[in-house]
Each structure stands twice: as C-alpha cells, then as structure tokens.
2 protein chains.
Amino acid sequence: MSERPVINTIHVQASRSYDVLSGKGLLEDIGEQILRIGAPKKAMIVSDDNVFPLYGRKTAESLARAGIETGSFVIAHGEGSKCMTVYESLLEHISSQQLTRSDMLVALGGGVTGDLAGFAAATYQRGIRFVQIPTSLLAAVDSSVGGKTAINLEHGKNQVGCFYQPSMVVCDTDVLKTLPEEEFRNGMSEVIKYGMIGDAAFLERLKKVPSGEWIEEVISHCVAMKRDIVARDEYDTGERMLLNFGHTLGHGVESCSGYEIPHGLGVAMGMAVMTRASEKMGICRPGTSEILSEVLQMYHLPEEAPYTPKELADAAMADKKKTGDRLRIVVPEEAGRCVIRSIPAGELVRWAEAGSMNR
Amino acid sequence: MSERPVINTIHVQASRSYDVLSGKGLLEDIGEQILRIGAPKKAMIVSDDNVFPLYGRKTAESLARAGIETGSFVIAHGEGSKCMTVYESLLEHISSQQLTRSDMLVALGGGVTGDLAGFAAATYQRGIRFVQIPTSLLAAVDSSVGGKTAINLEHGKNQVGCFYQPSMVVCDTDVLKTLPEEEFRNGMSEVIKYGMIGDAAFLERLKKVPSGEWIEEVISHCVAMKRDIVARDEYDTGERMLLNFGHTLGHGVESCSGYEIPHGLGVAMGMAVMTRASEKMGICRPGTSEILSEVLQMYHLPEEAPYTPKELADAAMADKKKTGDRLRIVVPEEAGRCVIRSIPAGELVRWAEAGSMNR
C-alpha cells in the first residue's frame with residue numbers, strides 16, 4: 001500500500017450533495033472512499049477499451065478489498081458509444097446481474113463513459129448511485145461534475161439525458177498524467193474556458209506557467225468554479241449556460257467532422273470564433289481575442305474551424321441550446337467575463353462570419 | 001362550443017407542482033387549459049392506436065384553436081410498446097420535428113402511453129414539459145399522477161425510468177365513460193387499493209354504491225390520497241411504497257402471463273393473496289380478507305392467481321422492489337390500514353403460499 005495520499009476535497013451542493021476528491025494515487029483507495037458514502041453490495045465498473053486495460057484491475061481490486069462485489073461493462077472508446085444501443089446493452093447487463101437500488105455504477109473513464117454511465121444510473125430503476133472516476137482532464141474539470149448525463153440521437157449530440165448528480169467524484173491526478181498529449185490538449189480547452197468566463201488572473205497564470213506543473217491546483221480551481229455555478233443554477237436555466245462558452249459552434253464543428261474532431265478542439269475553435277466576433281462587433285474589450293489566442297497557442301489548440309460559417313451555423317442549429325426560434329449564445333465582454341445573449345437563431349451565421357479569420 | 005364544464009382541481013406539491021383537473025367534457029378545452037401553464041410552440045400528441053382514432057382529432061383541434069402547433073406519434077396499444085425500441089423511435093421523431101426545451105409532449109391514453117411519453121419527456125434534452133390526459137380509469141386514479149415514468153427491459157417491468165412530474169393532468173370523465181367494461185374493472189382494482197391502504201369508509205361506500213354512479217368523486221378522492229402520499233415521499237423511499245399494495249405479486253402475475261393478464265387484475269390478485277396471508281399469519285384483523293373479497297366481487301375482480309406460489313414469487317423477484325437481499329412488501333393490518341415490512345427475499349414464497357386459496 002502506498003503512503004496516505006493528500007486529498008483535495010470540494011463539496012458540491014446540489015439536489016444531491018457530494019464530494020469531488022482529487023489527488024495523487026487516489027485510485028488505490030477508491031474502495032475505501034466509496035465506503036464513506038454507504039457501501040453498495042455490488043458495483044458495476046463501466047469503462048472503455050482504452051482505459052479498462054490500464055486501470056480496470058486496480059479499481060476492481062480496491063473495491064474488492066473494501067468488500068464490494070464488482071463486475072465490469074466495457075464499451076468501445078469514442079463518441080460512438082454514447083448511443084441508444086450501448087445504453088440499452090448496459091441496462092440489460094446490469095439488470096441481468098440483478099443490480100438493485102442499493103447498488104452502484106462506477107464510471108471509470110472520460111466524458112463518454114461518464115455521460116453514458118451517468119444516464120444509465122439516472123434511469124435504471126429510476127435512479128441508482130454512481131461514482132465518477134474521470135481519467136481524462138476534460139472529464140476531471142468538466143463533465144464529471146455537475147450532473148449532466150446524456151447520450152446522442154441520430155441527429156444531435158446529448159439530445160437525451162438527465163440532470164443526475166453523482167454520489168462522489170474521485171480524480172486520481174497520477175492517472176491524468178499518463179494521458180496522451182492529444183487528450184491533455186482536449187481538456188486544456190475547457191480549462192481555458194473557465195478562465196475566459198470567470199477568472200482573468202487564472203487565464204494569465206495559465207499563459208505563464210504550463211498547466212502540467214500545477215495540475216492539481218488547476219483541476220481544483222476549475223471544479224470549484226463549476227461547483228459555484230451549478231449550486232446557483234443546477235438545471236441550466238440561466239447562469240450555467242456560461243459553461244457553454246464556445247460550445248454552440250464547438251458542437252457544430254464536432255458535428256461537421258462526424259465527431260472526428262474531439263470536443264475540446266471544437267470548443268477551442270468555438271471560443272476563438274466567438275471572441276473575435278464579439279470584438280469585431282464592439283461588444284468585447286479590444287485585445288481580448290489576442291489574450292485568448294496566446295493561451296490557445298501555448299497549449300497547441302486551434303483557433304479556426306475548417307468549415308464555412310454557414311456549415312458551422314447550420315450544424316449548430318440542430319443542437320439543443322436553442323429555445324423556440326431564439327438561441328442563447330455566450331459572448332465574451334473581456335477576458336474573465338462573459339454574458340448570455342438571446343439572438344434569433346438565424347443570426348448565428350452572422351457571428352460565425354464575423355469571427356472567421358478569413359474576413 | 002359546449003357549456004363551461006365544472007372543473008375539479010387538485011393541486012399536487014412536488015419537485016414540480018401542478019394541477020390535476022377532472023370533470024366532464026374537459027378535452028374540448030384542453031388547448032385553453034394548457035395555455036394557463038405557458039404556451040408551448042409545439043405539442044406532440046403521443047397516443048395509441050386504440051385511443052388516437054377516438055380522441056386524437058378532438059385533442060389536436062383544441063390545441064390548434066389555442067394557437068399551438070401539433071404533431072402526433074401513435075404507438076401500438078399494449079404493454080409491448082413500453083420498450084426501448086419505441087422509446088427510441090419517439091425520441092428520434094420529436095428530434096426530427098425539432099422540438100425544443102420550450103415545447104411539450106401530450107400523453108393521450110392509458111398507463112402505457114403515459115409511462116412511455118413521460119419517460120421521453122423526462123429525458124429529451126434533459127427534460128421538456130408533458131401533460132397527461134388519462135383515458136383509462138387506471139391512469140386517471142394512479143399512473144398519471146405522481147411522476148413515475150418508465151419503460152420495461154427484457155426481464156422486468158418498469159426497470160428503466162425517471163421520477164418526473166407532469167406539468168398538468170387533465171382527466172375528462174366523459175372519456176372514461178366510454179371505456180370498455182374490461183378497462184373499467186382494471187382501474188377499479190387501483191381504486192379499491194386506495195381504500196385498503198388508507199380509507200375504510202371509502203371502501204365501504206364502494207361496496208354499497210357502484211362507482212360508475214359517483215365516478216368524478218371516486219377519481220378526485222383517489223388523486224387526493226395519492227397527492228398526499230407523493231407530497232410526503234416523492235422519491236419512493238418510504239411511505240409511497242404503500243401504493244404498491246398488491247403490486248409485488250401483481251407484477252409476478254403479469255410477468256407469468258407474459259403480460260396477457262392486465263395490471264389491474266394482477267393487482268387485485270396480489271391484494272387478495274397478501275390480505276389472506278396477513279390474516280392467516282395473525283397480522284391482520286380477522287375478517288379483512290372477507291371485506292376485500294366482497295368489494296373485489298362487486299367489481300368482478302379476481303381473487304386468486306392462476307399460478308403456483310413459487311411461480312409467483314420467482315417472477316416477482318425479478319422485479320425491482322427488492323433492496324439487496326431484502327424485499328419490502330405492503331401488508332394489511334385492517335381495511336384502511338397497511339404497513340410496509342422488510343422481509344428476506346426468500347420469504348416471499350411463504351406469503352404467496354399462506355395467501356393461496358388452495359390451502
């Protein structure tokens with residue numbers, strides 16, 4: 001057994017309250033941590049075929065040491081698994097294993113695994129507990145916290161899901177350090193988003209000090225920001241929408257690429273386009289897009305989408321953030337401050353055009 | 001236009017509060033009623049191939065008069081439609097019709113329609129509004145109120161769902177009066193359940209006066225009882241379980257019959273078995289099973305299941321009301337009073353045996 005790890009705890013207050021633990025080597029003691037929230041008899045580990053071979057055994061052994069019976073359900077990695085077919089298979093599997101309302105799902109993986117397992121936990125027997133173990137930076141700072149679960153429909157990402165909070169989030173930063181560079185970049189895009197929507201000093205520090213050197217702090221800072229927003233607007237009817245900065249056009253990018261371009265890179269492109277557009281329209285303080293650009297470059301993130309403004313806007317339109325014929329978009333006013341604007345859905349293309357680097 | 005109908009309103013206080021309206025001829029004004037809760041741009045009517053031909057047009061026309069754009073999604077009648085395939089088709093349909101978070105589903109039908117449409121509403125874009133228009137007595141007095149939505153898995157009824165409250169329930173008692181006798185009996189079983197779990201005087205009156213003669217009052221009384229229970233235990237962790245009286249073995253009956261025996265008849269059998277068992281075990285006041293028996297007979301409801309105690313218990317076990325290795329059952333102490341007991345799951349068969357008429 002390793003030395004007792006230093007655990008950073010952030011308490012999230014929502015319809016269900018829970019702790020987000022982060023620190024080095026936490027996976028080793030995941031079983032013990034879970035006992036603190038009330039032992040399930042069985043825990044089903046949901047993971048993908050990239051992550052499970054690396055961390056599945058360690059997780060299962062830790063659970064077993066805590067006296068919890070475990071099983072596993074391994075999905076193919078990638079966005080394709082966030083579909084109705086895999087959702088149904090997972091449910092049939094846990095039903096065949098006779099999981100009950102006092103049992104638990106453990107999502108070991110990135111955003112896809114967490115979103116899928118979370119939706120299954122939210123709906124199996126009208127809700128069983130689930131624990132998130134994010135293994136990607138993106139999942140650690142964003143998708144594992146806040147209770148948005150979802151799968152995709154044929155036309156449209158995250159069209160089906162629930163607001164359903166996890167019972168605990170455990171982030172082992174040693175695991176994140178084994179991420180491929182590509183995955184790390186993907187997560188940094190969401191990290192930068194937090195700076196843009198609410199903390200210019202954080203953004204500044206990200207530009208000066210490579211995040212890998214203070215990753216524990218970076219994660220806690222992002223989780224704490226998200227915690228505060230979720231506490232004030234769990235069901236995404238107002239302020240929480242700020243977390244969608246860069247996401248409307250970002251989803252458009254993902255969709256245009258057939259989900260070949262990962263979420264984080266889409267968000268980076270979306271943020272860059274929106275910030276340039278906002279500056280060009282005189283809404284945003286001059287120089288903001290330059291600040292964002294420098295941080296994006298520091299982390300090798302893209303600043304322009306490989307699609308026309310019209311392609312982007314049309315693809316984004318199929319997405320669900322519009323209400324009736326209007327669309328709410330997140331617009332930067334300066335680094336560290338964004339606002340939500342309601343625009344006629346048809347105007348999105350104007351924003352995409354104004355933010356294009358080719359204009 | 002008809003005369004202004006007399007509307008009986010019961011207000012339900014839950015995570016989402018809403019009104020249950022009942023009265024003669026309410027369907028005519030459904031559009032106008034919906035405007036009171038905030039007009040959707042679009043409303044998708046979900047109904048089955050029995051009900052839609054009878055009331056679909058009337059509903060759509062009323063909505064149209066209120067300026068609401070309508071569409072429809074018609075499912076095959078019967079329990080078979082409460083499945084993942086139909087759920088997915090419904091979601092893909094409303095997605096293709098570009099329903100947004102400000103739009104609405106309207107469930108026009110019985111329990112199957114309401115459960116399916118409710119689950120789709122609960123999960124489409126993480127929740128859009130839905131209105132229940134129960135067209136069966138069972139749906140009117142039970143499934144349309146309280147926010148339990150669900151579909152079935154291969155092995156087990158209602159294994160997947162959400163707690164998700166409707167935005168309004170509108171019960172047109174004229175519609176209920178056109179029910180086939182069989183459907184009416186099915187609902188009377190749930191009506192009798194309310195008497196057994198909480199109101200001996202109501203049970204007594206049901207025995208003396210055919211319910212068809214005071215159906216408006218019968219419905220309001222049941223809805224008010226359910227409202228009170230749901231207000232105290234929305235998420236079914238305690239008292240709400242009383243509403244499951246007769247349901248554990250009742251689901252066993254349904255399952256054994258391949259869902260050929262309707263829900264209400266299964267519940268009648270389940271209540272009768274549990275009451276006889278409770279009396280035989282000395283828990284229940286002597287004579288209670290006789291009281292129940294008389295009411296069941298009055299409404300031509302069955303008192304014995306056509307399966308062995310073991311078959312019933314095994315089938316009931318696959319159901320979800322057990323927690324770990326224990327099972328909570330609802331046991332009558334006298335007419336109008338039931339209690340919840342936790343028993344080892346393996347003991348259910350003893351209850352089924354004790355309550356069998358062949359012993």
Side-chain angles (χ1 to χ4, degrees), chain A residues 15-16 39-42 69 83-85 87-103 119-120 122-128 147-156 158-164 234-237 317-328 345, chain B residues 15-16 39-42 69 83-85 87-96 98-103 119-120 122-128 147-164 234-237 317-328 345:
Chain A
S15 53
R16 182 203 307 258
K41 184 157 176 279
K42 295 182 190 168
E69 201 178 306
C83 68
M84 198 62 81
T85 309
Y87 167 66
E88 181 176 10
S89 305
L90 171 52
L91 289 168
E92 291 286 2
H93 181 70
I94 60 182
S95 169
S96 74
Q97 299 298 301
Q98 303 197 290
L99 260 69
T100 71
R101 283 194 190 160
S102 51
D103 294 326
F119 183 47
T123 53
Y124 181 67
Q125 298 189 350
R126 299 200 188 92
I128 64 172
K148 280 196 179 180
T149 72
I151 58 176
N152 304 327
L153 283 180
E154 205 173 320
H155 303 289
N158 297 332
Q159 287 278 296
V160 182
C162 289
F163 290 98
Y164 192 74
E234 180 174 0
Y235 298 108
D236 201 11
T237 57
M317 240 43 151
D319 189 75
K320 68 172 185 302
K321 268 104 193 170
K322 61 179 185 291
T323 298
D325 282 330
R326 295 187 73 83
L327 189 70
R328 284 193 279 183
Chain B
S15 54
R16 183 204 305 257
K41 184 157 176 281
K42 293 182 191 170
E69 201 178 306
C83 69
M84 197 63 80
T85 309
Y87 168 67
E88 181 177 9
S89 306
L90 171 53
L91 289 169
E92 290 288 1
H93 180 70
I94 60 183
S95 170
S96 74
Q98 303 196 291
L99 260 69
T100 72
R101 282 195 191 158
S102 50
D103 293 327
F119 184 46
T123 54
Y124 181 68
Q125 297 188 350
R126 299 198 186 94
I128 64 172
K148 280 195 178 180
T149 72
I151 57 175
N152 304 326
L153 283 179
E154 204 173 321
H155 303 289
K157 198 170 143 81
N158 297 332
Q159 287 278 294
V160 181
C162 288
F163 289 98
Y164 192 75
E234 180 173 0
Y235 297 108
D236 201 10
T237 59
M317 238 46 148
D319 190 71
K320 68 170 186 306
K321 268 103 195 172
K322 62 180 184 292
T323 298
D325 282 329
R326 297 187 71 83
L327 189 71
R328 283 193 278 182

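Every chain is numbered from 1 and lettered A, B, ... according to where its sequence line falls, protein lines coming before strand lines.
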Using the test side chain to side chain donor-acceptor pair (under 3.5 Å), find all partners of A:Glu234 that sit at least two apart in sequence or belong to another chain. A:Ser15, A:Gln165
Under the criterion side chain to side chain contact (heavy atoms under 4.5 Å, CB included), I'd like the reasoning laid out for B:Leu91 against A:Met84: C-alpha separation, chi angles, the key distance, then a yes or no. CA-CA 10 Å; B:Leu91 289 169; A:Met84 198 62 81; 3.6 Å; yes
When you measure from the side chain of A:Glu92 to the backbone of B:Glu154, do you find a donor-acceptor pair of N or O atoms at a distance under 3.5 Å? yes
Interatomic distance, [X] atom [atom1] to [Y] atom [atom2] [nearest 0.5 angstrom]:
X        : Y        : atom1 : atom2 : value
A:Gln98  : B:Met317 : CD    : CE    : 9.5 Å
A:Tyr87  : B:Thr123 : OH    : OG1   : 7.0 Å
A:Arg326 : B:Ser102 : CZ    : OG    : 12.0 Å

Run the side chain to side chain contact (heavy atoms under 4.5 Å, CB included) check on A:Asp236 and B:Arg101 step by step: do they pass? CA-CA 11 Å; A:Asp236 201 11; B:Arg101 282 195 191 158; 3.9 Å; yes
Note: A:Cys162 and B:Arg126 closest approach over all heavy atoms is O-CD, 3.6 Å
Contacting region of B:Thr149 [heavy-atom separation from chain A under 4.5 Å]: backbone
Starting from the C-alpha separation in whole Å, work towards a yes-or-no answer on side chain to side chain contact (heavy atoms under 4.5 Å, CB included) for B:Ser95 and A:Gln159. CA-CA 8 Å; B:Ser95 170; A:Gln159 287 278 296; 3.8 Å; yes
Minimum side-chain heavy-atom gap A:Gln125-B:Asn158 below 4.5 Å: no
What part of A:Tyr164 lies closer than 4.5 angstrom to a heavy atom of chain B: side chain, backbone, both or neither? neither
Hey, can you tell me if A:Phe119 and B:Phe119 have their rings parallel, tilted or perpendicular (30° and 60° cut-offs)? parallel
